[in-house]
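Each chain gets a letter, A, B and so on, in the order its sequence line appears, and its residues count up from 1.
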Number of protein chains: 2
Amino acid sequence: MTIADKPQNRPTLRDVASLAGVSVATASKALNGRDQVHPDTRARVLVAAEKISFTPNALARGLLAGQTGTVGLITGDLDGRFSLPILMGAEDAFGKGKMSVFLCDARGDSIREQYHLDALLSRRVDGLIVVGSRTDPRPSLGRNLPVPVVYAYAPSTDDNDLSLVPDDVQGAKDCVDFLISRGRRKIAHITGQPDYAAAQDRARGVDEGLSSHGLSLLGGAQFGSWTEQWGRTATARLIEQHPDVDGILCGNDQIARGALDTLRESGWDVPGRISVMGYDNWEVFTTGARPHLTSVDINLEALGALAARRLFEAIDGSSRSGIESLPCRIVPRETT
Amino acid sequence: MTIADKPQNRPTLRDVASLAGVSVATASKALNGRDQVHPDTRARVLVAAEKISFTPNALARGLLAGQTGTVGLITGDLDGRFSLPILMGAEDAFGKGKMSVFLCDARGDSIREQYHLDALLSRRVDGLIVVGSRTDPRPSLGRNLPVPVVYAYAPSTDDNDLSLVPDDVQGAKDCVDFLISRGRRKIAHITGQPDYAAAQDRARGVDEGLSSHGLSLLGGAQFGSWTEQWGRTATARLIEQHPDVDGILCGNDQIARGALDTLRESGWDVPGRISVMGYDNWEVFTTGARPHLTSVDINLEALGALAARRLFEAIDGSSRSGIESLPCRIVPRETT
DNA sequence: ATGTTCGCCGAAAACCTTTTCGGCAAGTTT
DNA sequence: AAACTTGCCGAAAAGGTTTTCGGCGAACAT
C-alpha cells in the first residue's frame, strides 16, 4: 500500500499551470521570478505549485540549459578520512542553492574510476573533483574531457591539469620551527614507507628546517610504515641510541601514538624531557593519546573549498593549471 | 587554451547518425542493441559513435524513461566510517552498468538533509538510502515521498519505513558465548554513553547472554563515554574492585584500546590472565593495539548490499517495512 | 479618432533520446 | 502475375522545462 498510494507520476509544470489557469510559459516565469508577469498571477501560480507540492524536474531543466548544477567528486579513499572533509569544504564553498556535490568511490581501482567517470559525464555534471588517498601523483583522467577537473590531495601527473595539495614540506618546516621555539635542539624524525611522497616531502621539510637553523637530524630520517607498531619500535631504538634526543617529529599521528606509548613505558616524561608531534591531526588519535597529541592539520576543508572555487572559475571560462600547495596548520596540544 | 579547445557542445546522437548516414532512430537502435537494424548499418553507426566519442545524454534518457538509474545516499556521518562501507556494499549489490549510487553528506544537520533531499529528488533519483552515525532511531524523511527509501544503520522512528540495523543484542550475546567458550566466567562490560541505543543494546545482549549461562555481570555495565580515556579509567577501577575478573567486553574498540593500555601497565597478561574484546572492528584500532584486538564486525558492507536489494525490490513494486536486523561477526585476534 | 507605447500573456521552439508505427523494397507463396 | 511475408529504415511523438517572440487589450499622446 505504501507503493500504491505513491503519486506514480509526479506533478509537472503543466499541472501547476492548469490549476492556476495560466499557460506553462507564464507558470514558469512566475516561479522563476521573471518579470513580465502580473503580481496577482504570480501569487496564484505560487499557491498552485505549493498546493500540489511541485518540484521542477532538474533533468528537463539541465537538458535545456546545458548545465546541471552538479559536480562529481570521485575518490579513491577507502575510509573517507580524506574525501569527506574535502567534500564538506567544497559544498560550503559552492554555497547552498547553487551547486550540488555528489561523491562516488572508486576504491583506488582504475576500472571503477573509469566507470564512475562515465556515469558522471553521461549525467552531465558541470565539473569534477578527483581525490586520492596519498599525495603521490596519479594518472590524469585525460586532457580533452568535456568538463573541467580539479585534482585534490593526490595531484595529477599531467602539468596541464590543476592539482591542489597540502604543503607538506612547509608543514614539516613549521614543525621544526615550533619545536625549536620550545627550546628543542636534538630532533629526530620517524615516518612511514619511503615510497610515499608524503614521507619524502615531510622528511625533506624537516631536513631543510633544521638546516636553516644550523642543526641536523638526529640519526637521519627513520622510514618504516605508517603504523603504531613502527612508532614503538623506532622510538625504542632511538632513545637507546640517542639518549639526548629531546624532540620527535612523527610522519603521522599513528606513529606518534606508538612513540608516546614507548616513551611512557620507558619512563620518559612528555613533554618534560621530550616533545612529540604527529601529523594529519586525526582527532581520534590525537585526543585518545596520553598526553593529547600536538599535530599538524592539513586543512582538507580548505582544500575542498579551493577546489570548488577553482572549478567554478573554470566552468565560467578562466582556467589554471599546475600544482597549488596549501599551508598546513599546527594544532598545539599537550605533547609539546 | 585548455578551455578553448574543449568541445563546447558535446556530440549528440544526431551527429552520430549524420556521420553514419542514417536517421537518429536507426542510430539509437543500433547503439542499444535493438534488432530491426542491418548488421552493416549497426557497424557503421558504432564506428561513427566511437569516432566522435559519443556518450548518450542521461538527462534526455531519464526524462523519457522516467527512471534515472541513480540512487542517492544521504549520510549524517562526519568521517565516513559508517557511510563509505555501506556505499561500497550498495554499489556492489547493484552491480555495474545498472545503477549508480551517489553520496551526499548532511553532517547530522536536518536543514542540510532537507536540502540534499530536495536536490536528489529534483534530479529524479530512483531511490534513497539514508545513513546515520548512531543506531538510535531518527526522524523519518516522510511518508509520501515519490521514491522508496531505506534507512541503514540508523533506523527511522516510523514503522512504515524500512530500516536495516546491525543486531547489536545478538552480537553482544555472541561475544559472551565466545568468552565463555574460552573458559572465562567473571566478565565485565565497559561501554559508552548510556543515551546511545548501541550502548543499551550491547549491554542488554551481554546481560541476556550471561543469564542464559547462569552467570551475571561483574559489577554491572559501566557506562561512560566511547573514548580510550574512559576505557583506561574504568578498567583501573575494575581490576582494583574485582581482581578476579577474567574477561572484559568493551562497547567499542577505543574503550578496549584504553582497557588494554591499563592492563598492560598494571602487569596483567592479555590474553593469559584476562580476555578483552572490542566492538565495531575499526581496523586502525584493532591492529594498532598490543596485542591485536579481537572485535566484532558489524558487517556494514552487507548492510549496504541488503539496502540496495531492498531498494531494488521497492522500485520494482514490492515493498516492506519495519526494522530488519543483520548479524554481526566476531573477528578473533590476539586478545582472547 | 488615430497612432503609439506599455504591460501582460501564450504559442512554439529547443534540448536529446527512445519507441512506435507506417512504408518501402525484396523475396516468397499460390 | 498477384498476393503476401519479411527485413530494414525513418518520421514523429513523447518527456518537462525555459526562452523568444508575436499578440492583444488598455492607457497614453497627438
Side-chain angles (χ1 to χ4, degrees), chain A residues 7-46 48-49 52-70 118-119 121-126 146, chain B residues 7-46 48-49 52-70 118-119 121-126 146:
Chain A
Q8 285 303 40
N9 27 17
R10 296 159 71 170
T12 147
L13 192 57
R14 191 203 314 262
D15 303 331
V16 176
S18 69
L19 184 57
V22 297
S23 73
V24 287
T26 304
S28 172
K29 281 180 282 199
L31 290 173
N32 292 308
R34 292 258 155 288
D35 42 7
Q36 307 288 33
V37 41
H38 195 281
D40 297 352
T41 312
R42 184 188 308 277
R44 269 207 329 281
V45 171
L46 287 177
I52 61 177
S53 62
F54 165 77
T55 48
N57 186 324
L59 301 181
R61 199 196 294 240
L63 184 58
L64 194 56
Q67 306 206 76
T68 53
T70 311
D118 291 343
L121 287 181
S122 79
R123 286 170 178 80
R124 296 304 191 259
V125 293
D126 295 331
Chain B
Q8 283 305 40
N9 27 16
R10 296 158 71 171
T12 151
L13 191 59
R14 191 204 314 263
D15 302 331
V16 176
S18 70
L19 185 58
V22 298
S23 72
V24 287
T26 303
S28 172
K29 282 180 283 199
L31 290 174
N32 291 308
R34 293 260 156 288
D35 42 7
Q36 309 287 32
V37 41
H38 195 282
D40 296 353
T41 312
R42 186 188 308 277
R44 268 209 327 280
V45 171
L46 286 177
I52 61 179
S53 61
F54 166 76
T55 48
N57 186 325
L59 300 180
R61 198 194 295 234
L63 185 58
L64 194 56
Q67 304 206 77
T68 53
T70 311
D118 291 343
L121 287 182
S122 80
R123 285 171 179 80
R124 295 303 189 260
V125 293
D126 295 331

Residues which pass side-chain hydrogen bond (donor to acceptor under 3.5 Å, both in side chains) with A:Ser23, listed by chain and number, not counting sequence neighbours
A:Thr26
Tell me which nucleotide among C:dC8, D:dC9, C:dG10 gets nearest to the side chain of B:His38.
D:dC9
Between B:Leu63 and B:Val37, which has a closest nucleotide on DNA chain D that is more 5'?
B:Val37
The helix from C:dA1-D:dT30 to C:dT30-D:dA1: angle between end helix axes, five pairs per end, rounded to 10 degrees:
60°
Looking at every heavy atom in both B:Ala48 and B:Val16, which two are closest together, and how far apart are they?
CB-O, 3.9 Å
Can you tell me if A:Thr12 touches the phosphate of D:dT17, counting only side-chain N or O atoms and a distance under 4.0 Å to OP1 or OP2?
yes
Over all heavy atoms of both residues, which pair between A:Thr68 and A:Val125 is shortest? Give the atoms and the distance, please.
OG1-CA, 3.7 Å
Begin from the C-alpha positions of B:Ser122 and B:Asp118 and carry the test side chain to side chain contact (heavy atoms under 4.5 Å, CB included) through to its verdict.
CA-CA 6 Å; B:Ser122 80; B:Asp118 291 343; over 6 Å; no
Taken to the nearest whole Å, CG/B:Asn57 to P/C:dA14 is 18 Å
Taken to the nearest whole Å, CZ/A:Arg14 to C1'/C:dG10 is 14 Å
How many whole angstroms separate atom CD of A:Gln36 from atom C1' of C:dC6?
10 Å
Could you please name the option among D:dC8, D:dG15, D:dT17 that lies closest to any side-chain atom of B:Ala60?
D:dG15
Measure from CG on B:Asp35 to C1' on C:dT18 and round the result to the nearest Å.
15 Å
What's touching nucleotides 19-22 of chain D from the protein side, N or O pairs under 3.5 Å?
residue: D:dT19; atom: OP2; partner: A:Arg34; partner atom: NE; Å: 3.4

Could you please spell out the steps behind the side chain to side chain contact (heavy atoms under 4.5 Å, CB included) verdict for A:Leu63 and B:Asn57?
CA-CA 8 Å; A:Leu63 184 58; B:Asn57 186 325; 3.7 Å; yes
Whole-Å gap separating C1' (D:dC9) and CZ (B:Arg42)
13 Å
Closest non-hydrogen atom pair between B:Leu31 and B:Phe54, with its separation:
CD1-CE2, 3.7 Å
Integer-rounded Å distance: D:dA14 P and A:Leu13 CG:
18 Å
Just the rounded figure in Å: distance from P of D:dT18 to CD of A:Gln67.
14 Å
Start with the C-alpha distance between A:Val22 and A:Val37, add both sets of side-chain angles, then the distance that settles side chain to side chain contact (heavy atoms under 4.5 Å, CB included), and finish with yes or no.
CA-CA 11 Å; A:Val22 297; A:Val37 41; over 6 Å; no
If you apply the rule side chain to side chain contact (heavy atoms under 4.5 Å, CB included), what do you find for B:Leu121 with A:Thr55, and how did you get there?
CA-CA 8 Å; B:Leu121 287 182; A:Thr55 48; 5.7 Å; no
Whole-Å distance between C:dG7 P and A:Asp40 CG?
16 Å
For a quick test of reading the model, state the closest non-hydrogen atom pair linking A:Ala20 to A:Arg44 and the distance between them.
O-NE, 3.1 Å
Choosing from D:dC9, D:dT17, C:dT17, which nucleotide comes nearest the side chain of B:Phe54?
C:dT17
Residue closer to the 5' end of DNA chain C, B:Arg61 versus A:Thr41 (nearest nucleotide)
A:Thr41
